[in-house]
Amino acid sequence: MATIAESHFPFLPATFFPHSLLALPILFLLLSLFLIRNRRPTLHLPPGPKPWPILGNLLHVGSMPHVAFARLSQAHGPLISLRLGTQTVVIGSSPESASEILKTHDHDLSGRSVPHVSFARDPELNRDSIAWSTHCTDHWRSLRSMVRAELFTSKAIEQQSDLREKHAREMARFLNRRRGQEMLAAVSDTTSASMEWALAELLKNPDTMTAARREFDGKFPECHVIKESDLADLPYLCACVKETLRLHPPAPLLLPRRAAKDCHVMGYTVPQGAHVFVNVWAIGRDPRYWEDASSFKPERFMVGDVDFKGSHFEFLPFGSGRRICSGLPMAVREIQLAVATLVHGFDWSLPEGTAAGDLEMEERYGVTLKKLNPLVLFPTPRV
Ligand code: HEM
């Protein structure tokens, strides 16, 4: 004999009903929990798109969160909030909101939320990680001080320059051996992603490559091996690196931060436990702060004093505040030296049939923001 359910829903298989009936109380419980969690009417959260039950705004995010958040912030304002499952996520997308998050409320918003995919969720591995320390504990503070005092003092950075120059020479030797052969960039880390973007932009914008070359040729003979001490004489090259990091910050949303307690930002509440992001990718491309924002124009950094150190909130590739990138001094030198070596030492050509202007710049969001299609080039030594 057919059950009531089967007679009312003949299109569903009979095996569906016992399980679905069992699932009903669980679904009811989940819905109640969801509604209870959402019942904090006193919270004045930043605006954002209306969340769906259970899923929240998950469908608004997609595979390129930095782009999706930028679009949402155009509709809802410089500080927005989303619900992802049971989590509240707050995103700042203007220099003002970045300054509020990373400077004014730095103390309360400097927890770190550790992504589910990260190995650092293992407490054993996490214990001595500066980046994934969930709170700004004494241990985190002493690790950071140790790094600052031992590894990245000006003296230590100078002393390590031999090693970085040796790596740059090895890279040049390797490319010399591969003259005329196809080179495919398959990058994973922040530094090599930046090198790939820099080279792609310089090739796509030949005037900038010519200007960088002219700067070298005016100061050094072609056979000169670039040293870190030469970088001070290469302001245009250094501006190219800044411009690359403006358009292609390897960490477009910085690393995820977490609110240690309820916090009032720009008239809204950022509730304790909320995940907090700053969309430095969107800020770096915002035409309100950058003229001709989507074009690669290193000249913009030749005037003024905008630097990497986290006090110019329209340009934050390394973050700002107490959790600013600890590797900043070394990373900057490394990228500048590598790009200088690649530009000064080699002519680069694209595969036949690819015009420089057509070089695509599509992104892939992941551990770092890298080119969707790796750059394919043919090096020819200049000397
Ligand atoms: C292009 C190169 C790099 C970029 C763009 C970059 C960017 C960043 C960003 C955006 C953050 C998060 C800052 C924040 O939350 O405000 C960060 C954190 C960090 N970076 Fe880098 N980084 C780079 C290279 C490096 C290198 C080479 C090292 C190590 C030698 C390093 C070590 C760290 C550490 C330890 C943290 C965590 C700091 C903390 O949570 O207290 N980074 N980096």
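Note that ligands are numbered from 1 as they come in the structure, with each ligand's atoms numbered from 1 the same way. For the single chain, residues carry numbers from 1 onward in sequence order.
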Distance-only N or O hit between ligand 1 and Arg257, under 3.5 Å: yes
Sub-4.0 Å atoms of ligand 1 with respect to non-hydrogen atoms of Met330: 30 (C)
Residue selection (non-hydrogen contact nearest atom 7 (C) of ligand 1) among Pro317, Gly319, Pro329, Pro250: Pro317
Arg333/Glu228 salt bridge by N-O under 4.0 Å criterion: yes
Identity and separation of the nearest protein heavy atom to atom 32 (C) of ligand 1: Gly327 N, 3.5 Å
Check: Ser294/Arg285 side-chain N/O donor and acceptor closer than 3.5 Å: no
Residue among Phe296, Trp290, Phe308 satisfying ring pair (Phe, Tyr, Trp, His ring centres under 6.0 Å) with Phe301: Trp290
Per-atom contacts of ligand 1 with Ala331, taking only distances under 4.0 Å to non-hydrogen atoms: 2 (C), 24 (C), 27 (C)
Arg144, any N or O under 3.5 Å of ligand 1 N or O: yes
Whether over 12 other heavy atoms sit under 6.0 Å from Lys103 NZ: no
Trp140 touching ligand 1 at heavy-atom level, < 4.0 angstrom: yes
Protein contact to atom 34 (C) of ligand 1 [nearest heavy atom, distance to 0.1 Å]: Ser326 OG, 3.5 Å
Closest approach of any protein heavy atom to atom 42 (N) of ligand 1, naming residue and atom: Cys325 SG, 2.9 Å
Protein heavy-atom partner closest to atom 6 (C) of ligand 1 - residue, atom, separation in Å: Phe318 CD2, 3.5 Å
Pairing of Asp207 and Lys297 as salt bridge, 4.0 angstrom limit: no
Non-hydrogen side-chain atoms of Cys240 and Val339 separated by less than 4.5 Å: no
Atom 13 (C) of ligand 1: nearest protein contact (heavy atom, Å): Arg323 O, 3.1 Å
Region of Ser194 that comes within reach of ligand 1 [heavy atoms, distance under 4.0 Å]: side chain
Check: His344/Asp217 side-chain N/O donor and acceptor closer than 3.5 Å: no
Heteroatom proximity flag, Arg112 to ligand 1, N/O under 3.5 Å: yes
For Ala131, atoms of ligand 1 separated by under 4.0 Å from a heavy atom: 37 (C), 40 (O)
Over 12 foreign heavy atoms within 6.0 Å of NZ, Lys204: yes
Nearest neighbour in protein (non-hydrogen) for atom 1 (C) of ligand 1: Ile335 CD1, 3.3 Å
Donor on one side chain, acceptor on other, Thr153 and Arg148, under 3.5 Å: no
Path from Tyr268 to Leu45 over hydrophobic side-chain contacts below 4.5 Å: no
N/O separation below 3.5 Å, Thr191 to ligand 1: no
Close-contact set for ligand 1 against Ser320 heavy atoms, below 4.0 Å: 16 (O)
Lys/Arg-Asp/Glu bridge criterion (N-O < 4.0 Å) met for Glu243, Arg246: yes
Heavy-atom proximity to atom 11 (C) of ligand 1, best of Leu253, Leu109, Leu143, Leu255: Leu255
